[in-house]
Asks: 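Structure below; questions to follow.
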Amino acid sequence: MAKQYWLLKSEPRSFSFDDLARSPKRTTCWEGVRNYQARNLLREMKKGDEAIFYHSNASPPAAVGTVTIVREAYPDAYQFDRKSRYHDASSDPENPRWLMVDVQYGAPFARALSLPELREQRALAKMELLRKGSRLSVQPVTPKEWRAVLRLAGS
DNA sequence: GCCAACGTTGGC
DNA sequence: GCCAACGTTGGC
């Protein structure tokens, strides 16, 4: 099975790429995905896959580095935590609705790639991130797009 | 803060 | 099954 590539969005005010660098083992669980399409993509992730770490709701919004999937999808415990903003009262513990993966810090880009700059790239014309109205927080990235992004980042 | 795009909910 | 109302995401 060939390595797959992904893009993960995070609001830096909640959890930034630097926060991941400072996390124990430079690893975190990717909790809080509450969208079925995004969840289905989490389920397809394989250990060793890589993802672009993207800062949404930032100024400017930007791709800032890479992470590696180090644990494949497992139930997101926060869905059963009444105090969590990710609590989902209608999820059945016998058949958990929401999943998460673990990701590990990979490499920072030599420079952040802002959303406007990404939009200028012809090689990225069809990238999900750049589609009008795209809101998915977990997105597939083609190998071609992956290479184009890393080349642009000078990585 | 505004608002477009999208997903979900729930009445019918 | 339709669709209006509502909530969320996220760029600007």
Asks: Salt-bridge test for A:Arg97 and A:Asp92: reply yes if a basic N is under 4.0 Å from a carboxylate O, no otherwise.
Replies: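 The answer is no: the pair does not qualify as a salt bridge.
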Asks: Rounded to the nearest Å, what distance is computed from the CG atom of residue A:Leu136 to the C1' atom of nucleotide C:dG11?
Replies: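 To the nearest whole Å, that distance equals 16 Å.
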Asks: Rounded off to whole Å, could you give me the CG-to-C1' distance for the A:Asp88 and B:dT8 pair?
Replies: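 Roughly 12 Å, once rounded to whole Å.
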Asks: If only side-chain N and O atoms count, and only distance matters, is there a donor-acceptor pair under 3.5 Å linking A:Ser134 with A:Glu128?
Replies: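 Yes - a donor-acceptor pair under 3.5 Å links their side chains.
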Asks: Using a strict cut-off of less than 4.0 Å between a Lys/Arg side-chain nitrogen and an Asp/Glu carboxylate oxygen, indicate whether A:Glu117 and A:Arg111 qualify as a salt bridge.
Replies: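 A salt bridge is present here (some side-chain N lies under 4.0 Å from a carboxylate O).
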Asks: Tell me whether the rings of A:Phe15 and A:Trp30 are parallel (<30°), tilted (30 to 60°) or perpendicular (>60°).
Replies: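 A:Phe15 vs A:Trp30 ring planes: perpendicular.
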Asks: With A:Tyr54, which residues qualify under ring pair (Phe, Tyr, Trp, His ring centres under 6.0 Å), at least two apart?
Replies: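 Checked A:Tyr54 against ring pair (Phe, Tyr, Trp, His ring centres under 6.0 Å); zero matches.
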Asks: Is there a side-chain contact between A:Lys9 and the phosphate of C:dG10, meaning an N or O under 4.0 Å from OP1 or OP2?
Replies: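 Checking A:Lys9 against C:dG10: at least one side-chain N or O falls below 4.0 Å of OP1 or OP2.
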Asks: Could you give the CZ-to-P distance, from A:Arg85 to C:dG7, as a whole number of Å?
Replies: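 Rounded to the whole Å, the gap is 16 Å.
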Asks: Could you work out which one of B:dG7, B:dT8, C:dG10 sits closest to the side chain of A:Tyr36?
Replies: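 The listed nucleotide nearest to A:Tyr36's side chain is B:dT8.
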Asks: Go nucleotide by nucleotide along DNA chain B from the 5' end; which of A:Ser134 and A:Ser90 gets its closest nucleotide reached first?
Replies: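 Looking at the nearest nucleotide for each, A:Ser134 comes out on the 5' side.
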Asks: Looking only at side-chain N and O atoms, does A:Tyr86 come under 4.0 Å of OP1 or OP2 in C:dT8?
Replies: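 No.
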Asks: With nearest nucleotide decided by heavy atoms, which residue, A:Arg135 or A:Asn57, maps closer to the 5′ end of DNA chain B?
Replies: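 Final value for this comparison: A:Asn57.
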Asks: With sugar-phosphate meaning primed atoms plus P, OP1 and OP2, does A:Arg34 contact a base, only sugar-phosphate, or nothing at under 4.0 Å between heavy atoms?
Replies: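 No contact.
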Asks: In whole angstrom, what separates A:Leu8's CG from C:dT9's C1'?
Replies: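 From A:Leu8 CG to C:dT9 C1': 16 Å.
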Asks: Between P on B:dA5 and CG on A:Asn35, what's the gap in Å once rounded to a whole number?
Replies: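 Rounded to the whole Å, the gap is 18 Å.
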Asks: Counting side-chain heavy atoms from CB outward, which of C:dG10, B:dG7, B:dA4 is closest to A:Lys132?
Replies: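 The answer is B:dA4.
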Asks: Does B:dC6 have its OP1 or OP2 closer than 4.0 Å to a side-chain nitrogen or oxygen of A:Arg131?
Replies: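 Yes.
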Asks: Of all the nucleotides listed (B:dC6, C:dG10, C:dC12), which has the minimum atom distance to the side chain of A:Glu11?
Replies: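 The answer is C:dG10.
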Asks: Report the distance from atom CZ of A:Arg13 to atom P of C:dG11, rounded to the nearest whole Å.
Replies: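 To the nearest whole Å, that distance equals 10 Å.
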